[in-house]
Amino acid sequence: MDKLVIEGGVPLSGEIVISGAKNAALPILCAALLTGEAMTFSNLPRLKDVATLLKLLAQMGVRVTPDSGEAVFLDAKDMDNPCAPYDLVKTMRASILVLGPLLARCGEARVSLPGGCAIGARPVDQHIRGLQAMGAEIQVEQGYIHAKAGRLQGARICTDMVTVTGTENLMMAATLAEGETVIENAAREPEVVDLANCLVRMGGRVFGAGTDVIRVQGVEKLHGAAYAIMPDRIETGTYLCAAAATGGRVRLLKTSAASLDSVIDKLMDAGCDIQLARDAIHLQAPARLKSVSLRTAPYPAFPTDMQAQFMAINCVADGVATIRETIFENRFMHVAELQRLGADIQIEGNNAIVRGVAGLQGANVMATDLRASASLVVAALAARDETRIDRIYHLDRGYEDMAEKLSRLGARVWRV
Ligand code: UD1
């Protein structure tokens, strides 16, 4: 199993290009199931999760050429197997995003239940309830969601909580439904907006994405289109944190600050100087960061996917920070590993109290989930001496060429 070895203590310096957004690419690739015409996608990140999804789509009968890369062509004309089996879904929860499109286009779907994961239970009841409101008959048997429907019917759906993939699944299903669907309490995440823009490019009638009420007027058919995936705001935020933690100075290219306000505000509160250009972000870190408290919540508030990386920078900042996680019940798995590097963190329910220390010290640590792994990388870059991070397959799910990008910024990092 691959490990990442990092010799910390080098301030990051230089520029790198940010990849396409994983969390936009996954739903947008699933949107190809909604049409029998060809779709071309560009700015796809080369990630394990994207490869898994392309494999899943190919298994359903979608023509995928080539089977990886930054630009991919998908043709679902002859798609004949509306099934997402357990062995693929268990490695990537986002596979649930095929449910809405399959049901809308084929009138049936058989999708394995994603089950729990390291960061919590993560049920999909809201996806199921929304599709039922649109007329689907759904049974959950032997670990599979069996869904059937004639043409889906527009409906008024109010989700119990803000759910990103739930909003995306329902929005995609609604594009081919008869009549209007209104999704209330919709997720406002920029990736939901990117998916809506792609659906509109395909001839979908989607209004209000980016607000908490999305209206979709169903059409008979969607057509093929070309679409470029938005830049990854979480990858951007992670490299900003890595630069901040090491006292560095970096310029991130082909990215956008538009969807990163809450993260950039916190980095400025921590003492970083940040300059924004049209598609670039420049960060200069202070000699010592100041602690910043935060609370995760749905967009536009602070993203749960950046919580672990901010925990890492608070570990080496001056002062005491409180980090409150409100989205997932078990998203402090990185705390025990950060403590191995010498961090001073106390957990009280959903709060982590982080007391900044003068410096961290390299050690052997283990990645537990995607963003937890990113926090260990940030901490290791700031730590003295060598850190070995085990189980970095988690990182490969969501960060394209991380070791190479960090090397380009001057970090001493090796994959072994
Ligand atoms: C998406 C992101 C993930 C991010 C998360 C929260 C993708 C592929 N993944 O995950 O990176 O961390 O949003 O911003 O976009 N819930 C239910 N029932 C449901 C659906 C959700 O109880 O049917 C709960 C979840 O357990 C969680 C909360 O709602 O506590 C939010 O989850 P959700 O927004 O659905 O997360 P994902 O879409 O899986």
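One-based numbering, in listed order, for ligands and for the atoms of each.
- Proximity of the aromatic rings of Y144 and Y86 is defined here by a centroid distance below 6.0 angstrom, and this criterion is not met.
- The shell of residues lying under 4.0 angstrom from ligand 1, judged by heavy atoms, includes V162.
- The part of D305 lying near ligand 1 is the side chain, judged by heavy-atom distances below 4.0 Å.
- A donor-acceptor distance shorter than 3.5 angstrom exists from the side chain of E189 to the backbone of Y299, with no hydrogens or angles considered.
- Which parts of ligand 1 touch I327 is read off a 4.0 Å heavy-atom cut-off, strictly below it: atoms 27 (C), 30 (O), 31 (C).
- Heavy-atom contacts of H127 reach the following atoms of ligand 1: 23 (O) (cutoff under 4.0 Å).
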Report task. Evaluate side chain to side chain donor-acceptor pair (under 3.5 Å) for D305 paired with Q307, printing each intermediate quantity in order. Result -> CA-CA 6 Å; D305 285 352; Q307 178 255 105; over 6 Å; no
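- Under a 3.5 Å cut-off, the side chain of E235 and the backbone N or O of S19 do form a donor-acceptor pair.
- Inclusion of V164 in the set of residues having an N or O under 3.5 Å from an N or O of ligand 1 is warranted.
- At a 4.0 Å cut-off, not a single heavy atom of G166 sits close enough to ligand 1 to count as contact.
- Neither the backbone nor the side chain of I128 comes within 4.0 Å of ligand 1, counting heavy atoms alone.
- Atom NZ of K266 has more than 12 neighbouring heavy atoms from other residues, nucleotides or ligands inside a 6.0 Å radius.
- Ligand 1 has a nitrogen or oxygen under 3.5 angstrom from a nitrogen or oxygen of Q126.
- When only interatomic distances are considered, the shortest N/O to N/O separation between K22 and ligand 1 does not fall below 3.5 Å.
- In terms of polar-atom proximity, F328 is not counted as a contact of ligand 1, lacking any N or O under 3.5 Å from an N or O of the ligand.
- Taking a 6.0 Å sphere around CD of E220, one finds it holds 12 or fewer heavy atoms contributed by other residues, nucleotides or ligands.
- Near T304, with a cut-off below 4.0 Å to any heavy atom, the atoms of ligand 1 are 6 (C), 12 (O), 14 (O).
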Report task. Check the pair E325 / T304 against side chain to side chain donor-acceptor pair (under 3.5 Å), numbers first and verdict last. Result -> CA-CA 7 Å; E325 172 60 52; T304 174; 3.0 Å; yes
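- The pair R129-D160 meets the salt-bridge criterion, with a side-chain N (NZ, NE, NH1 or NH2) lying under 4.0 Å from an Asp/Glu carboxylate O.
- Distances below 4.0 Å separate heavy atoms of R331 from the following atoms of ligand 1: 12 (O).
- Residue contact annotation: E191 has no non-hydrogen atom under 4.0 Å from ligand 1.
- Applying the side-chain hydrogen bond (donor to acceptor under 3.5 Å, both in side chains) test to pairs two or more places apart or on separate chains, none has a residue in residues 131-140.
- Contacts of M306 with ligand 1, taken as heavy-atom pairs under 4.0 Å, are absent altogether.
- Contacts of R201 classified as side chain to side chain donor-acceptor pair (under 3.5 Å), with partners at least two apart in sequence or in another chain: none.
- At under 3.5 Å, a nitrogen or oxygen of T165, whether backbone or side chain, sits near a nitrogen or oxygen of ligand 1.
- Taking every non-hydrogen atom of V124 and a distance limit under 4.0 Å, the qualifying atoms of ligand 1 come out as 19 (C), 23 (O).
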